[in-house]
Amino acid sequence: QAMAARPGDAGLRAHAATAWAAAERLDEAVARQSEAVALAPMDAAHGFTLGSLLQQSGDAAGAAEAFEAVLALDAGHAEAACNLAVLRPWRGEAVLTAALAAGVTGDRRAAVLANLGGLRLREGRHADAVAAYRQALQDLPTSPRALGHLAQALKRQGDLDGADALLSRLIELEPALLTARSDRLLLRAYAQRRAEQAAALRAEACDFGRAAAARAVDRPVRAPGALRVGLVSADLRGHPVGRLAEAWLPALARRCELFVYASHAAGDAVTPRLQAVAPRWQQVGDWDDALLAQRIAADGIDVLGDLNGHTGGHRLGAFARRPAPRQLSWL
């Protein structure tokens with residue numbers, strides 16, 4: 001009714017887009033936000049919202065075009081630069097450095113530097129990545145993101161002691177941050193040189209267990225039947241775990257009721273081949289640990305296997321909730 005009364009008001013269409021998005025009607029939200037942009041083409045905020053809605057709806061190309069338009073209006077729009085760097089990595093260096101040159105400050109500057117470091121790290125430019133992360137840390141000395149990312153970059157360079165020191169600092173600042181504890185534990189496992197260091201590693205693993213402790217989920221009783229095996233992994237893709245799984249996953253699927261909980265964000269050419277032999281496949285990358293544990297318990301899993309350990313993307317927080325009567329770590 002308001003839009004009918006004031007057909008030239010871009011703000012009303014933006015409000016309508018917000019309402020449609022909250023109602024999970026993304027097509028309607030995109031349509032209304034597109035109208036807002038058409039009515040106020042020089043308003044970068046409307047353009048950024050349109051890009052975000054397009055990205056949320058799965059239209060990566062449309063989202064990238066919207067963010068490009070925003071940056072044409074305002075090169076210092078940090079959020080648009082960061083999002084475009086993800087969607088179009090080949091444009092990342094240019095748009096992120098332009099945002100820095102435009103004088104972006106505070107948390108937004110740190111976010112731009114962190115994204116710039118990540119881009120360089122993925123390209124194998126470790127020293128340049130370290131430089132970007134160090135700048136971010138100078139701006140925000142207690143930023144968990146900057147500390148964690150710089151630690152990863154130093155580890156890639158082979159500076160394990162430097163990475164260990166940063167992760168230790170991060171754990172002091174954020175004791176409940178399980179990813180930092182896992183990163184340090186994995187780093188120290190690789191750095192172990194003598195057998196007597198094993199006791200300290202085991203103690204640190206026990207500390208992780210205490211930090212991850214959570215109330216066990218209720219496991220419903222199910223009727224007797226075939227053994228149900230669940231596998232939780234972030235690596236059932238073009239990764240050593242995924243490539244090895246092509247050999248044993250079909251055999252396992254023939255011997256039990258197999259459930260797979262895949263926590264990686266996106267698959268690749270290997271993933272569909274694995275899915276073909278394990279049809280009870282659930283993407284859980286955007287689920288929290290509590291929800292994942294509840295789903296595993298509801299599926300009546302008898303034996304639950306963790307294929308990650310302390311590597312990236314693990315779901316040990318779900319295992320801490322004991323969703324299955326037998327749990328193991330493998331591979």
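In what follows, every heavy atom counts, from backbone to side chain, and hydrogens, waters and symmetry copies are set aside. Because the structure is a prediction, the values reported are computed rather than measured.
Taking each heavy atom of Ile301 and Pro325 in turn, the nearest pair found is O-CD, 3.4 Å. The two residues Ala85 and Gly92 make their nearest non-hydrogen contact at CB-CA, 3.7 Å. Heavy-atom minimum distance, Pro7 versus Ala4: CD-O, 3.7 Å. Ala111 and Cys82 get closest at one heavy-atom pair: O-SG, 3.9 Å. Contact between Gln33 and Ala17 at its shortest, heavy atoms only, is OE1-CB, 3.4 Å. Taking each heavy atom of Ala245 and Leu236 in turn, the nearest pair found is CB-CD2, 4.0 Å.
Salt-bridge formation is detected for the pair Glu65/Arg88: a Lys NZ or Arg NE/NH1/NH2 atom is positioned less than 4.0 Å from an Asp or Glu carboxylate oxygen. Using a cutoff of 4.0 Å between basic side-chain nitrogens and carboxylate oxygens, Arg109 and Asp139 are scored as salt-bridged. By the 4.0 Å N-to-carboxylate-O rule, Arg326 lies too far from Asp302 to be salt-bridged with it. Ion pairing between Glu172 and Arg169 fails under the 4.0 Å rule for side-chain N and carboxylate O. Salt bridge present: Asp235 and Arg237 bring a charged side-chain N and a carboxylate O closer than 4.0 Å. A salt bridge links Glu93 with Arg120: the distance from a Lys NZ or Arg NE/NH1/NH2 to an Asp or Glu carboxylate oxygen falls below 4.0 Å.
Checking Asp164 against Ser168 by side-chain atom types alone, a donor-acceptor pair falls below 3.5 Å. Between the side chains of Gln327 and Asp306, no donor-acceptor pair of N or O atoms lies under 3.5 Å. Using modelled atom types, one finds no donor on one side chain facing an acceptor on the other under 3.5 Å when comparing Trp248 with Glu246.
With values rounded to the nearest 0.5 angstrom, Leu167 atom CG is found 10.5 Å from Leu186 atom CG. Rounded to the nearest 0.5 angstrom, Leu121 CG and Lys155 NZ are separated by 10.0 Å. Taking CG of Leu258 as the reference point, atom CG of Leu249 lies at 5.5 Å (rounded to 0.5 Å). Atoms OG1 and CG, on Thr271 and Asp268 in that order, are 4.5 Å from each other to the nearest 0.5 Å. For the atom pair Ser329 OG and Asn308 CG, the distance stands at 8.5 Å (nearest 0.5 Å). Of the inter-residue distances, the one linking Asp299 atom CG with Glu257 atom CD reads 10.5 Å to the nearest 0.5 angstrom.
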Query - Pair Leu274-Trp281, side-chain contact (heavy atoms from CB on, under 4.5 Å): steps then yes or no - result: CA-CA 9 Å; Leu274 298 175; Trp281 183 292; 3.8 Å; yes
Requested in this report: Take Leu187 and Gln152 through the test side-chain contact (heavy atoms from CB on, under 4.5 Å) and record every step on the way to the result.
Outcome: CA-CA 10 Å; Leu187 183 151; Gln152 293 303 317; over 6 Å; no
**Report entry** Verdict with reasoning, Phe67 to His77, per side-chain contact (heavy atoms from CB on, under 4.5 Å)
**Finding:** CA-CA 9 Å; Phe67 294 136; His77 198 296; over 6 Å; no
**Report entry** Working for side-chain contact (heavy atoms from CB on, under 4.5 Å), residues Thr18 and Arg32
**Finding:** CA-CA 9 Å; Thr18 300; Arg32 299 293 79 76; over 6 Å; no
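For the pair Asp289/Phe319, no side-chain contact is recorded, criterion being any heavy-atom separation below 4.5 Å from C-beta on. A heavy-atom distance below 4.5 Å is not found between the side chains of Arg188 and Leu185. You'll find the side chain of Asp161 reaches within 4.5 Å of the side chain of Asp159, heavy atoms only. Between Glu79 and Arg108, the closest side-chain pair of non-hydrogen atoms falls below 4.5 Å. Using a 4.5 Å heavy-atom threshold, the side chains of Arg134 and Leu154 count as touching. Between Tyr261 and Leu231, the closest side-chain pair of non-hydrogen atoms is not below 4.5 Å. No side-chain heavy atom of Val284 sits less than 4.5 Å from a side-chain heavy atom of Arg295. Side-chain atoms of Asn83 and Gln55, non-hydrogen and from C-beta on, do get closer than 4.5 Å to each other.
Atom NE2 of His239 is surrounded by more than 12 heavy atoms from other residues, nucleotides or ligands within 6.0 Å. The neighbour count for Glu196 CD, taken as heavy atoms of other residues, nucleotides or ligands under 6.0 Å away, is above 12. Annotation for Asp107: atom CG does not count as buried by contact number, only 12 or fewer foreign heavy atoms lying within 6.0 Å. For Arg222, the CZ atom sits in a packed shell: over 12 heavy atoms of surrounding residues, nucleotides or ligands are nearer than 6.0 Å.
Ring centroids of Phe208 and His310 are separated by less than 6.0 Å, placing the two rings close together.
In this structure a side-chain-to-backbone donor-acceptor pair under 3.5 Å is present from Arg321 to Gly317. Under a 3.5 Å cut-off, the side chain of Glu204 and the backbone N or O of Cys206 do not form any donor-acceptor pair. Checking side-chain atoms of Arg219 against main-chain N and O of Arg322 turns up a donor-acceptor pair under 3.5 Å. Using a distance-only test at 3.5 Å, with no hydrogens or angles considered, no donor-acceptor pair links the side chain of Ser233 to the main chain of Ala262.
When hydrophobic clusters are built by joining Ile, Leu, Val, Met, Phe, Trp and Tyr residues whose side-chain heavy atoms come closer than 4.5 Å, directly or via intermediates, Ile171 is not grouped with Leu178. Both Leu307 and Val270 belong to a common hydrophobic cluster when Ile, Leu, Val, Met, Phe, Trp and Tyr are linked at side-chain heavy-atom distances under 4.5 angstrom. Under a hydrophobic clustering in which Ile, Leu, Val, Met, Phe, Trp and Tyr are joined whenever their side-chain heavy atoms come within less than 4.5 Å, directly or via other members, Leu39 and Leu50 fall into different clusters. Each of Leu116 and Tyr133 belongs to its own hydrophobic cluster when Ile, Leu, Val, Met, Phe, Trp and Tyr are linked at side-chain heavy-atom distances under 4.5 angstrom. The hydrophobic clustering, which links ILVMFWY residues whose side-chain heavy atoms are closer than 4.5 Å, places Leu137 and Val112 apart.
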